[in-house]
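For reference, the structure discussed in these notes is given below.
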Amino acid sequence: MPELPEVETVARGLRQTILGRRILSIRLGKTDFIDDPAALEQHLPGRRIDAVERYGKFMLLRLSETLSDELAAESRAANEKMASASKAAPTTATPSLLVHLGMTGQLAPAPAAQPHQKHTHVWMTLDDGRELRYTDPRRFGRIAYIAAASLAGELTDFGADPLEVTCEEFAARIRTRRARIKALLLDQSVLRGVGNIYADESLWRAKLHPARLGVQLNARQAETLRKVLQDILRKAIAMHGSSISDFLDADGEPGEYQRHHRAYGREGKRCYRCKTPIHRTMVAGRSSYFCPKCQPAPRMSRQHRRRSR
DNA sequence: CGTTGAACCTGTTTGC
DNA sequence: TGCAAACAGGTTCAAC
């Protein structure tokens, strides 16, 4: 379900509904998608939700310190005064609940009296009588309690924010690589937040075949790709994401961006630019939709041709 | 460095 | 109608 625009939609919704609420207690169902279930039970009760951030496809619920944490925070602050020079830490450290929605995850508050869904596996009682619930049929998501001291380390292996990445950095991350452009767009250590839908949509707009190699893009093509990707992500966020089957925003409304898809899910339908039927093939292990005319296949290299003969 | 395929799960759609 | 296969917005890991 969720890529950057959908996760951003959920995060914005939660900011409206649960910011400042305190978690009184927590109840768990199946826990195989939770890093350390006992840590949740031990550390969440009593904490206030002070902020909801998005990091790639992850949501970060920033939690208040407890008394014992505040003591630790004091000594930490003292240490940081000494050595605050070289930190890759993209964020201020706070105890946090890390949530990834996987393919089918939902995180939303509900009145405690409301019957829960079949696949709800986490219930967090809030101080206003509601419950913050996590529901995920496939359990491909991930939930983890992260202590303040571990937060920076948890966020290290991520690439650039696609909405903020500069022309120079984007080119450096793409044009040096021999992997397929589709694989690079999906690689969270290259760019954080792009998934299958927005990869295909941006490649269609940039007229690039998904199997083109990163190194094969010239500077102009890379810059076009960056620009269309940002434009698509911004518009998708404005329209509350794409609802293919079951994604709903905080108000229970589906997103609207699926109506603007030009490639994803359109196999056999005609290209909006040239009327050629859209093709679907597997690239980087994922269904990839593209226009065979607007997005011509890359020319095989000499070695590749020799081998496949 | 890269790619591929399988695995993790459940639900829905497609095809015979 | 029924049943099996294919497929799904994600990530990870082994094998090559």
Side-chain angles (χ1 to χ4, degrees), chain A residues 1-11 29-35 54-59 98-107 117-121 134-144 154-155 157-159 162 173-203 210-216 232-233 236-237 239-249 254-261 263-268 280-289 298 300-301 303-304 307-308:
Chain A
M1 171 202 331
E3 304 181 28
L4 188 156
E6 292 75 34
V7 179
E8 179 65 26
T9 299
V10 173
K30 290 187 179 175
T31 58
D32 53 356
F33 61 97
I34 299 173
D35 279 30
R54 180 188 56 74
Y55 196 81
K57 296 174 192 171
F58 280 89
M59 281 186 292
L98 198 63
V99 179
H100 194 296
L101 300 174
M103 297 271 261
T104 52
Q106 286 175 249
L107 183 66
Q117 294 179 273
K118 184 179 177 187
H119 297 288
T120 299
H121 298 299
Y134 181 76
T135 305
D136 186 354
R138 291 177 76 178
R139 306 201 301 283
F140 279 4
R142 179 183 167 205
I143 292 185
E154 190 63 44
L155 303 177
D157 293 335
F158 288 91
R173 285 178 175 275
I174 299 293
R175 298 188 57 219
T176 55
R177 302 286 301 272
R178 293 177 187 288
R180 294 165 169 160
I181 185 63
K182 172 77 181 258
L184 294 171
L185 289 174
L186 293 178
D187 186 338
Q188 302 299 297
S189 69
V190 174
L191 293 172
R192 61 176 120 107
V194 180
N196 207 31
I197 292 176
Y198 299 101
D200 280 4
E201 290 302 305
S202 57
L203 290 172
R212 290 280 292 275
L213 305 189
V215 279
Q216 294 175 332
I232 287 168
L233 292 174
I237 290 170
M239 307 195 73
H240 292 193
S242 302
S243 292
I244 300 303
S245 63
D246 55 4
F247 173 73
L248 300 176
D249 70 16
E256 290 295 329
Y257 193 74
Q258 68 280 1
R259 304 198 307 193
H260 294 259
H261 291 178
Y264 183 83
R266 299 196 67 248
E267 182 178 21
R280 177 170 73 95
T281 61
M282 284 298 204
V283 178
R286 311 293 301 278
S287 269
S288 298
Y289 301 86
M300 269 193 279
S301 74
Q303 312 209 342
H304 206 292
R307 233 182 319 161
S308 63

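Computation of the quantities below employed the complete heavy-atom set of this structure, encompassing side-chain atoms and omitting hydrogens, waters and symmetry-equivalent molecules. All chains are named by letter (A, B, ...) in the order of the sequence lines, taking the proteins before the strands, and each is independently numbered beginning at 1.
In DNA chain B, runs of at least 3 consecutive Watson-Crick or G-U pairs, each pair with both distances below 3.5 Å, span B:2-8 with C:10-16, B:10-16 with C:2-8.
Between the side chains of A:Arg138 and A:Thr104, not a single donor N or O lies within less than 3.5 Å of an accepting N or O. Side-chain atoms of A:Tyr257 and A:Glu6 form no donor-acceptor pair, as typed in the model, at a separation below 3.5 Å.
A donor and an acceptor atom never sit less than 3.5 Å apart when one is taken from the side chain of A:Thr104 and the other from the base of C:dG9. Looking at A:Arg139, its side chain has no donor and acceptor atom pair within 3.5 Å of the base of B:dC9.
In this structure, CZ on A:Arg178 lies 8.0 Å from CG on A:Leu213, to the nearest 0.5 angstrom. One distance of note links CG of A:Leu98 with CD1 of A:Ile143; it measures 9.5 Å at 0.5 Å rounding.
Protein atom CD1 of A:Ile143 is 15 Å distant from nucleotide atom C1' of C:dG10, rounded to whole Å. The distance from atom CD of A:Glu3 to atom C1' of C:dG10 is 9 Å, rounded to the nearest whole Å. Remark: P of C:dG9 and CG of A:Leu248 are 18 Å apart, rounded to the nearest angstrom. Rounding to whole angstrom units, OH of residue A:Tyr198 and P of C:dG9 are separated by 12 Å. Note: CZ (A:Phe58) to P (C:dT12) measures 7 Å, nearest angstrom. What separates CG of A:Leu98 from P of C:dT11 is a distance of 12 Å, to the nearest Å. The CZ atom of A:Arg138 sits 10 Å away from the P atom of C:dA8 (whole-angstrom rounding). The distance from atom CG of A:Asp136 to atom C1' of B:dC9 is 9 Å, rounded to the nearest whole Å.
Here A:Tyr289 reaches the OP1 or OP2 of C:dA8: one of its side-chain N or O atoms lies under 4.0 Å away. For A:Arg286 and C:dC7, the shortest distance from a side-chain N or O to OP1 or OP2 is not below 4.0 Å. Close to C:dT11, at under 4.0 Å from its OP1 or OP2, lies a side-chain N or O of A:Gln188. Phosphate proximity of C:dG9 to A:Tyr264: present, with a side-chain N or O under 4.0 Å from OP1 or OP2. Side-chain nitrogen and oxygen atoms of A:Lys118 include none within less than 4.0 Å of the OP1 or OP2 phosphate oxygen of B:dT10. For B:dT4, one of the phosphate oxygens OP1 or OP2 lies less than 4.0 angstrom from a side-chain nitrogen or oxygen of A:Arg180. In this structure, A:His119 does not reach the B:dT10 phosphate: none of its side-chain N or O atoms is under 4.0 Å from OP1 or OP2. OP1 or OP2 of C:dG9 has not a single side-chain nitrogen or oxygen of A:Lys57 nearer than 4.0 Å.
A:Gly285 comes within 4.0 angstrom of no nucleic acid atom, judged by non-hydrogen atoms across all strands. Within 4.0 Å of A:Arg177, counting heavy atoms only, lie sugar-phosphate atoms of the nucleic acid but no base atom. Counting any heavy atom pair closer than 4.0 Å across all strands shown, A:Ser189 reaches no nucleic acid atom. Within 4.0 Å of A:Phe158, counting heavy atoms only, lies no atom of the nucleic acid at all.
An aromatic stacking contact between A:Phe140 and the base of C:dT11 is absent, as defined here by ring centres under 5.5 Å apart and ring planes under 30° from parallel.
Each of A:Leu186 and A:Arg280 was matched to the nucleotide of DNA chain C holding its nearest heavy atom; the match closer to the 5' end belongs to A:Arg280.
When the nucleotides B:dG2, C:dG10, C:dA8 are ranked by their closest atom to the side chain of A:Ser287, C:dA8 comes out on top.
The closest donor-acceptor contact from the side chain of A:Asp200 to the backbone of A:Tyr289 lies under 3.5 Å.
Within 6.0 Å of atom CG in A:Asp32, more than 12 heavy atoms from other residues, nucleotides or ligands are found, so the atom counts as buried in its surroundings.
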